[in-house]
> 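My questions all concern the structure below.
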Amino acid sequence: MSLALSAGAATWSQILRVAVTLGTYAVLRRFIPPEEMGVWNWAEALFLLIGQVRDLGMPAEVCRQREPQFGNYFLVLVAWSLTLAAVIFLTAPWIARAYTDGDPLLTVDVLRFLCLFLVIQGLGVLPTMHLDVEMLTLRTVPPELVRNAAFAASSIALAAHGFGVWSVIYAHVGAATLYTLGVWWASRKTLRLKRHPGLVKVLVLASLPLMVLSLLELSVLSVDVLIYGQRFTSDIVGNAGLATLAAYFVGRQLADATGRPLYPAMLRAGAARDSFAVYAAATLLFASVLAPAAFSLFLNAELVTQILGGADWSGAVDLIRWFAFVPLVRPLSLFGRELLLILRQDRLLLVYSATSLATITLLGLLLTRTSLGPFGMPVAGFFALGQFVLLYGIFRIDGAPIGQLLRRIGAVYAGNAAAFAPLLATAERLHPWALFLLSAAVSATTVAFVGWFYRDEGRRLLAIRRSEEARAPA
């Protein structure tokens, strides 16, 4: 299967999932107020981090092995996820103290119930990773569609009957169960759980640095909501959750989906410079989407809030505007992790993620105590200084034209700034829906132009096919 089909399946599946999720949450926010939804936003960010501890970095390590140890991965996954879930269940009262506002009993109950989600979701990671490695991502689409539909229908029904934030949690657990069953069924003919008991310890030790790396990297994306939960009231946490969802939509949702098949594609590209060529093409094309998304979000913050939240969520408007342009300072990180992973620059990636996390966290904690208040977090987001470490790692690739990539990204940003300048100057005089439609038209035009201008890069990216012989050495 080609990268075009595999990435297309992952991307369109992700687009559909996100569209359904956005629509579902837009309805749920009419039933669940910001102060109650804030509990879920905080718990979700926390469990994303715990999920990395559950995985132990094994998905990335198994993926880059010549002969993937799926059987050993399964053994460790089952034993460790159950152990971790039990520990969290018992320590939930202490963990809940990190959330300063709201009902402590509710927070503890949410944490304990999500332990079930932690185990079920973990069981779905293995077959999903296997299908991605074999560029059979298309087979994950039906389970994804079932998960989407189940979550939407069940959560809205429960919320309408007064279940509050529990409607989201129950629906997520049920939908994750259906997805996990679906991907195991989809991989039944190709996934072989061959065990090598003597290599289990070797696998775990090799994976742990990748776990730390994933934990640090995801912490960079989750630290905003976690600091909000520690510093501010639940309604601000809820509004911040909506703001970060809107601001990081492209980078977290669409780029993550494409990164799944892109990782094995870069593995099979051959030399480091060839892997960089795949990385550069994907980064440039996604930067062409990031830029208009940021300008459009800034211009349409009020309408976006009305659509995704409603009248009770007006506190998210200014936060959305402050967060809108933060993703533009991190274009290299869209697929930078995947590139340096296949080059086995694990230590450099650890420094990169740790530097970004430290700078954002320290500045965030400092600035949120100033007159900026909750707006201190988006300001801190502009100082993810780990980008310089990532740039250094890419610069070390022999013959990689990193300067050319940076100039092209800069040109894309400048072109979008010029294209949106008339709307920025006249936004206050335009009807909200007129502004939205004009923003969409400008965005479509700029993306189409970049896609046409750099069509050779797009063709190179989509021409990559699965090749058993091209699998990178372990």
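Here, residue 1 is the first one in the sequence, and each next residue gets the next number. Keep in mind that what you see is a predicted model, and the values were worked out from it rather than measured.
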> Between Tyr73 and Ser207, do the side chains contain an N or O donor and an N or O acceptor separated by less than 3.5 Å?
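Ser207 and Tyr73 do not have a side-chain donor-acceptor pair below 3.5 Å.
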
> Within the structure provided, determine whether Phe47 and Ile88 are in side-chain contact (heavy-atom separation under 4.5 Å).
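Heavy-atom side-chain distance check passes, below 4.5 Å.
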
> Can you name the nearest heavy-atom pair linking Leu56 to Met211, along with the distance?
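Shortest heavy-atom separation between Leu56 and Met211 comes out as C-CB, 3.3 Å.
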
> What distance do Asp224 atom CG and Ile360 atom CD1 have between them, rounded to the nearest 0.5 Å?
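Separation between the atoms: 7.0 Å.
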
> Does the Arg231 side chain pair with the main chain of Leu365, one donor and one acceptor, at a distance under 3.5 Å?
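Pair found, side chain donor or acceptor close to backbone of Leu365.
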
> So, taking the atom named CG in Leu49 and the one named OG in Ser214, what distance separates them when rounded to the nearest 0.5 Å?
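Going from CG on Leu49 over to OG on Ser214, the span is 11.0 Å.
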
> Where do Asp235 and Pro34 come nearest, in terms of heavy atoms and distance?
O-CB, 3.8 Å

> In the structure I gave you, are the side-chain heavy atoms of Leu178 and Arg147 within less than 4.5 Å of one another anywhere?
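No, too far: nothing below the 4.5 Å cut-off.
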
> Go through it in stages, so that I can follow the logic: the residues are Phe286 and Phe335, the test is ring-ring contact (aromatic ring centres under 6.0 Å, His included), and I'd like the CA-CA distance, side-chain angles, deciding distance and then a yes or no.
CA-CA 10 Å; Phe286 264 88; Phe335 309 110; 5.4 Å; yes

> Answer yes or no: is there a side-chain heavy-atom contact under 4.5 Å between Pro33 and Asp312?
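No, their side chains stay 4.5 Å or more apart.
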
> Side chains of Ser439 and Asn300 only: does a donor on one sit below 3.5 Å from an acceptor on the other?
yes

> Could you label the plane-to-plane angle of the His172 and Phe151 rings as parallel, tilted or perpendicular, counting under 30° as parallel and over 60° as perpendicular?
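Rings of His172 and Phe151: tilted, 30 to 60°.
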
> Would you check if the side chain of Arg330 reaches a backbone N or O of Pro327 as a donor-acceptor pair within less than 3.5 Å?
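Pair absent, no side-chain N/O of Arg330 close to backbone of Pro327.
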
> Which atoms form the tightest heavy-atom contact between Gly122 and Leu77, and what is the distance?
O-CD2, 3.3 Å

> Heavy atoms only: give me the nearest Trp40-Ile169 pair and the separation to one decimal.
CE3-CG1, 3.9 Å

> Would a 4.5 Å heavy-atom cut-off, applied to side chains only, mark Asn72 and Val204 as touching?
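Result no, sub-4.5 Å side-chain heavy-atom pair not found.
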
> Pair Ser167, Ser155 - check side chain to side chain donor-acceptor pair (under 3.5 Å), show working.
CA-CA 5 Å; Ser167 60; Ser155 62; over 6 Å; no

> Does OH belonging to Tyr170 count more than 12 external heavy atoms closer than 6.0 Å?
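Yes, enclosed.
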
> Is any side-chain heavy atom of Leu123 closer than 4.5 Å to a side-chain heavy atom of Val78?
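With C-beta onward as the side chain, the pair touches.
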
> Do the ring centers of Phe163 and Phe31 come within less than 6.0 Å of each other?
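Between Phe31 and Phe163, which both carry aromatic rings, the centre distance is not below 6.0 Å.
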
> Parallel under 30°, tilted from 30 to 60°, perpendicular over 60°: which one fits the rings of Phe74 and Trp184?
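Plane angle over 60°, so perpendicular.
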
> Determine whether the aromatic ring centres of Phe382 and Phe325 lie less than 6.0 Å apart.
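Centroid separation for Phe382 and Phe325: 6.0 Å or greater.
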
> Going through the checks in order, is the side chain to side chain donor-acceptor pair (under 3.5 Å) test met by Thr446 and Asn416?
CA-CA 7 Å; Thr446 59; Asn416 274 272; 3.2 Å; yes

> Measure from the side-chain N and O atoms of Arg54 to the backbone N and O of Leu118, and report whether any donor-acceptor pair falls under 3.5 Å.
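It does hold such a pair.
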
> Which atom pair, heavy atoms only, marks the closest approach of Arg29 to Leu308?
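Answer, listing the atom of Arg29 first, then Leu308: NH1-O, 2.7 Å.
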
> Testing the basics here: between Ala301 and Arg321, what is the closest heavy-atom pair and its distance to 0.1 Å?
CB-CG, 3.6 Å

> Taking atom CD as the centre, does Glu44 end up with more than 12 heavy-atom neighbours from other residues, nucleotides or ligands that are less than 6.0 angstrom away?
yes

> Would you call Arg112 and Asp109 a salt bridge, using N to O less than 4.0 angstrom?
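Salt bridge flag = no for Asp109 with Arg112.
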
> So do the side chains of Phe232 and Ile227 get within less than 4.5 Å of each other, counting heavy atoms only?
no

